[in-house]
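Per chain, numbering begins at 1; letters A, B, ... match sequence-line order. Computed from a predicted model, the values in this text were never measured in an experiment. All values below come from the heavy atoms of this structure, side chains included, with hydrogens, waters and symmetry mates left out.
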Protein chains: 2
Amino acid sequence: MEKCTNFDRNVTVYEQTQMSNLESVLSAADANTDTALQRLFALLRMPSISTDPTYHDDCVATADWLVAELNGLGFDATRRDTPGKPMVVAHGGPKDAPHVLFYGHYDVQPADPLELWKSDPFDPQIEEGPDGPMIRARGASDDKGQLMTFVEACRAWVETTGDLPVRITILFEGEEESHSPSLVPFLQENAEELKTEIALICDTGMWDGNTPSICTMLRGMVAEEIVIRAANRDLHSGGYGGPAANPIRILSHILASLHDEQGRVTLDGFYNGVHDVPGNLAQQWESLGFDPKDFLGKVGLSTPAGEQGIPALHQIWARPTCEFNGITGGYTGDGFKTVLPAEARAKISCRLVWDQDPHAIRDAIRARVRHMLPDDCEVEFIGHGADKATVMATSDPAFEKARKALATEWPNEAVYTGGGGSIPIAGHFKEVLGLDSMLIGFARDDDAIHSPNEKYNVKSFTGGVRSWVRVMAALGK
Amino acid sequence: MEKCTNFDRNVTVYEQTQMSNLESVLSAADANTDTALQRLFALLRMPSISTDPTYHDDCVATADWLVAELNGLGFDATRRDTPGKPMVVAHGGPKDAPHVLFYGHYDVQPADPLELWKSDPFDPQIEEGPDGPMIRARGASDDKGQLMTFVEACRAWVETTGDLPVRITILFEGEEESHSPSLVPFLQENAEELKTEIALICDTGMWDGNTPSICTMLRGMVAEEIVIRAANRDLHSGGYGGPAANPIRILSHILASLHDEQGRVTLDGFYNGVHDVPGNLAQQWESLGFDPKDFLGKVGLSTPAGEQGIPALHQIWARPTCEFNGITGGYTGDGFKTVLPAEARAKISCRLVWDQDPHAIRDAIRARVRHMLPDDCEVEFIGHGADKATVMATSDPAFEKARKALATEWPNEAVYTGGGGSIPIAGHFKEVLGLDSMLIGFARDDDAIHSPNEKYNVKSFTGGVRSWVRVMAALGK
């Protein structure tokens, strides 16, 4: 059969060569598993905790280790110092191939409370888990294990074919777990060097163990703190209760006014720029079999509380919210104090989708508060950030190429998912470099990232390496 | 003229004798002023801070000092130890005369912050003030100066006539500033000994410098803490915002539901037992010239916030409230945290008037919360006390006698006032001893009780002594 086909058309020969290349690279990746795990373990042993100055030198050493690894694979890799932790930037692959930017972060969360770990968080172990063997260490999943899936995929390509199937710029950050203070300035200063056709970010998870995902929608957010001030001092509720304005009461009225009985947000113009989920995407989401009872049941709830008539998964991925994240006023200690407080404050945040304008929504919040504020009271507004939603242009053929490539590796088709939260790096790539991001990762819900006993399934690691081998091949075509 | 009249009728002679007695007693009181102030200063030098165990012995010494003073005036006075600070109980006056219980407290608030005092809080000084000389010391007004007005009035009577015009039982407490833990048990154990016809409490103020007052209505209170629990842990507002119940939002809706647009409380049956202010009392209140703009202006407010159409003074003295004294939930520190909190809590208190039933109102609060609580959320209620309003039976002739007696001492007629807060001792006298209380005091709004630089006008002290001389005479008739 093969020979016959080979003689039929040259293009078939070419395709078979490519296929054969891909199979060889995948075989090489599989054959490398033991040494790849040794390299990952070396990386995991470095306590690169970015938030704690004690570990600054460890972070620098980790960056150097990555630079050496990448140079060893033929990349032109350098450590790029910043006012915080260094970046690692590397360039490789054929200059005339499609060009991708790959992002991961080498810093990790602190490991405490240490006493809750089953083993030393910086002495990685292979343990047998319910879903097969797993790597237990701080950073195993977030994000050292994930970024090494891409590095090992590069290794398999280089070892097998002598080069990479795509042109690659790598950016490893060392401050992701401490709010990335150096990232945007670094992107701005090095925009020309870092501009590619698309970004690949490996810091997310699969939908489930059999279903890879590409996250294509991330909600934005506008956050606002409101301080209502009434009397010029705390008052006694006996002497003033009645005639004196009570800021907790005013604040409660304002907050209660922000949703109607259907759970919709009542701010003027709030839904401007909110679009319907396209039919094909809605179908993909439908196919995920998301069970809101199960989702809520895990946190002790049972009744969806959001917009009536909107499926819970759509609420999280494609609908905006207005949530109250903190409130305080008056006496909050044990016992009772009959005070009429001078002030009360609330922290409000709206998750935003599609084309909602965070600045218009901040204005609408402030207008509502001012409208409901009694004449003799005052309000202070403290703005806490305003970011639009990030919605990837999945019409770019790279998305379908990657989705199909992932489908060949895993039992189920890959799905385009949303993300209820923000992943700031995707927004920064969009804003500073003009790049859409493909968020592809292999973490599992039970990886306990940021918690004691973080782990990464060996299957996530090996499947991740094989997935990147395939995605690179697909994007290189 | 006098002689003629003397011969007219015996009763006139008797009245004139009485009058002459009264004038003599008042003259004696005036003549005693310097030594009376010396005695008050001796009392003020004792740092009887009840809340601080360091000063326990000082409290006991203060009780002993008062016992000695009263025994020196012919009272049968004893120190009565309790698990806390001692009580002072004294009996005096003719057995067949009308019998009154006089209450004051000898303990004081702590004096800190000391650096804000112009002079040592326990080294009393006479200073010139805007309204004449004043006594500067901790406890000068609250309550040592006030209780000594009564003691010095007794002295003037005894020195002048050899006895008191009424039968008197004195009760001095040493724990008023630390929530009176021993008081109710002491009243219960000694009810027979302490029962009289009426109680006199000297721990309040005048309406203004020219207008004495008798406080006849005190608001009660029911206080309730509400804890709303939703998810079994704090959630990320990105991952759960929308479908997951937010306890701050639930709590805001509940609190906002408790008042209607007219400022009335919407709890079922809340106004049961609330009565109109009788016309003659309303007239007295009207005559006070209370200016709500001035009242609110002093604390930086201008617009009455309570029930629409109800004068502010009535709101404070004769109308119930539902106020929010504290609220907390979620992240309340600096900056922002996009948490959906697991719980939120509020402290609510209702000031009660007339015959409102605190227990029925607590039930109504709980019913409202349960009614508005989503099925998958939980509520915990923490009750914090439930006291009915105290409304004195001013139909008892003693009230009018005292009011007329005060009118002869001061430029303006005495008025029956209300009190927005509770004075627990009046409630305890009513509940345990079945006694109505006449709350007559001579403090001024600017006395800075509980604050640095507490003072008591010398005119409050001397006018207070003379007032008690007159009130005793009136009650003895």
Side-chain angles (χ1 to χ4, degrees), chain A residues 219 221 223 225 230-233 235-246 248-249 252-253 255-256 259 292 295-296 299-306 312 315-316 319 321 323-332 335-340 344 347 349 351 374-376 384 420-422, chain B residues 219 221 223 230-233 235-246 248-249 252-253 255-256 259 292 295-296 299-306 312 315-316 319 321 323-332 335-340 344 347 349 351 374-376 384-385 420-422:
Chain A
R219 289 200 288 190
M221 190 170 78
E225 188 166 355
N232 55 21
R233 59 178 174 85
L235 303 176
H236 189 282
S237 78
Y240 289 88
N246 182 329
I248 300 177
R249 183 169 152 200
S252 300
H253 271 262
L255 297 187
H259 297 85
F295 170 74
L296 289 174
V299 297
L301 295 171
S302 60
T303 312
Q315 284 184 11
I316 299 169
R319 296 295 297 179
T321 65
E323 293 287 0
F324 311 138
N325 309 107
I327 192 165
T328 184
Y331 180 70
T332 59
F336 215 91
K337 198 170 161 184
T338 52
V339 66
L340 294 186
K347 294 178 201 270
S349 63
R351 296 279 172 180
D375 290 342
D376 56 351
H384 283 284
S422 313
Chain B
R219 290 200 288 191
M221 190 170 77
N232 54 23
R233 59 178 173 86
L235 303 176
H236 188 281
S237 77
Y240 289 87
N246 182 329
I248 300 177
R249 183 170 151 199
S252 299
H253 270 261
L255 297 187
H259 297 85
F295 171 73
L296 289 174
V299 296
L301 296 171
S302 60
T303 311
Q315 284 184 12
I316 300 168
R319 297 294 296 179
T321 65
E323 293 287 0
F324 312 138
N325 309 107
I327 191 165
T328 184
Y331 180 70
T332 59
F336 215 92
K337 200 169 159 184
T338 52
V339 67
L340 294 186
K347 295 180 200 270
S349 63
R351 296 280 173 180
D375 289 342
D376 57 351
H384 284 284
S422 312

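When heavy atoms are compared at a cutoff of 4.5 Å, Ile248(A) approaches chain B by way of both its backbone and its side chain. Lys337(B) touches chain A through its backbone: at least one of N, CA, C or O sits under 4.5 Å from a heavy atom, while the side chain does not. If you measure heavy-atom distances from Ser252(A) to chain B, the contacts under 4.5 Å come from both the backbone and the side chain. Interface remark: Thr328(B) contributes backbone and side-chain atoms alike to the contact with chain A (heavy atom separation under 4.5 Å). Looking at His384(B), only its side chain comes within 4.5 Å of chain A, counting heavy atoms on both sides. Within the 4.5 angstrom heavy-atom criterion, atoms from both the backbone and the side chain of Leu301(B) approach chain A.
When side chains are defined from C-beta on, Ile316(B) does not count as touching Tyr240(A), because their heavy atoms never get closer than 4.5 Å.
The backbone N or O of Gly238(A) sits less than 3.5 Å from a side-chain atom of Arg219(B), completing a donor-acceptor pair.
Most heavy-atom pairs under 4.5 Å with chain B: of the set Arg233(A), Gln315(A), Lys347(A), this distinction falls to Lys347(A). Among the candidates Ala256(A), Gly421(A), Gly420(A), Gly300(A), the residue making the largest number of heavy-atom pairs closer than 4.5 Å to chain B is Ala256(A). Taking chain A as the reference chain and counting heavy-atom pairs below 4.5 Å, the highest number among Gly330(B), Pro304(B), Gly329(B) is found for Gly329(B). When Pro374(A), Ala230(A), Ala344(A), Pro292(A) are compared by the number of non-hydrogen pairs under 4.5 Å with chain B, Ala230(A) comes out ahead. Counting heavy-atom pairs under 4.5 Å between each of Ser422(A), Gly242(A), Gly306(A) and chain B puts Gly242(A) at the top. Among Leu255(B), Leu235(B), Val339(B), Leu296(B), the residue making the largest number of heavy-atom pairs under 4.5 Å with chain A is Val339(B). Most heavy-atom pairs under 4.5 Å with chain A, from the set Ala244(B), Ser349(B), Gly241(B): that is Gly241(B).
In this structure, Leu340(A) CG and Asn325(B) CG are separated by 6.5 Å, a value rounded to the nearest 0.5 Å. Between the NE2 atom in His259(A) and the CG atom in Asn246(B) there is a gap of 8.0 Å [rounded to 0.5 Å].
For the residue pair Ala312(B) and Pro243(A), the shortest heavy atom distance occurs at O-CG, 3.8 Å. Listed here is the closest heavy atom pair of Gly239(B) and Phe295(A): O-CZ, 3.4 Å. Taking every heavy atom of both residues into account, Asp375(A) and Thr303(B) meet most closely at CB-OG1, 4.3 Å.
With sequence neighbours left out, the side-chain contact (heavy atoms from CB on, under 4.5 Å) criterion links Thr338(A) to His236(A), Ser237(A), Phe336(A), Met221(B), Arg351(B). Listed by chain and residue number, Glu307(B) satisfy the salt bridge (Lys or Arg N to Asp or Glu O under 4.0 Å) test with Arg319(B) (two or more places apart in sequence, or in another chain).
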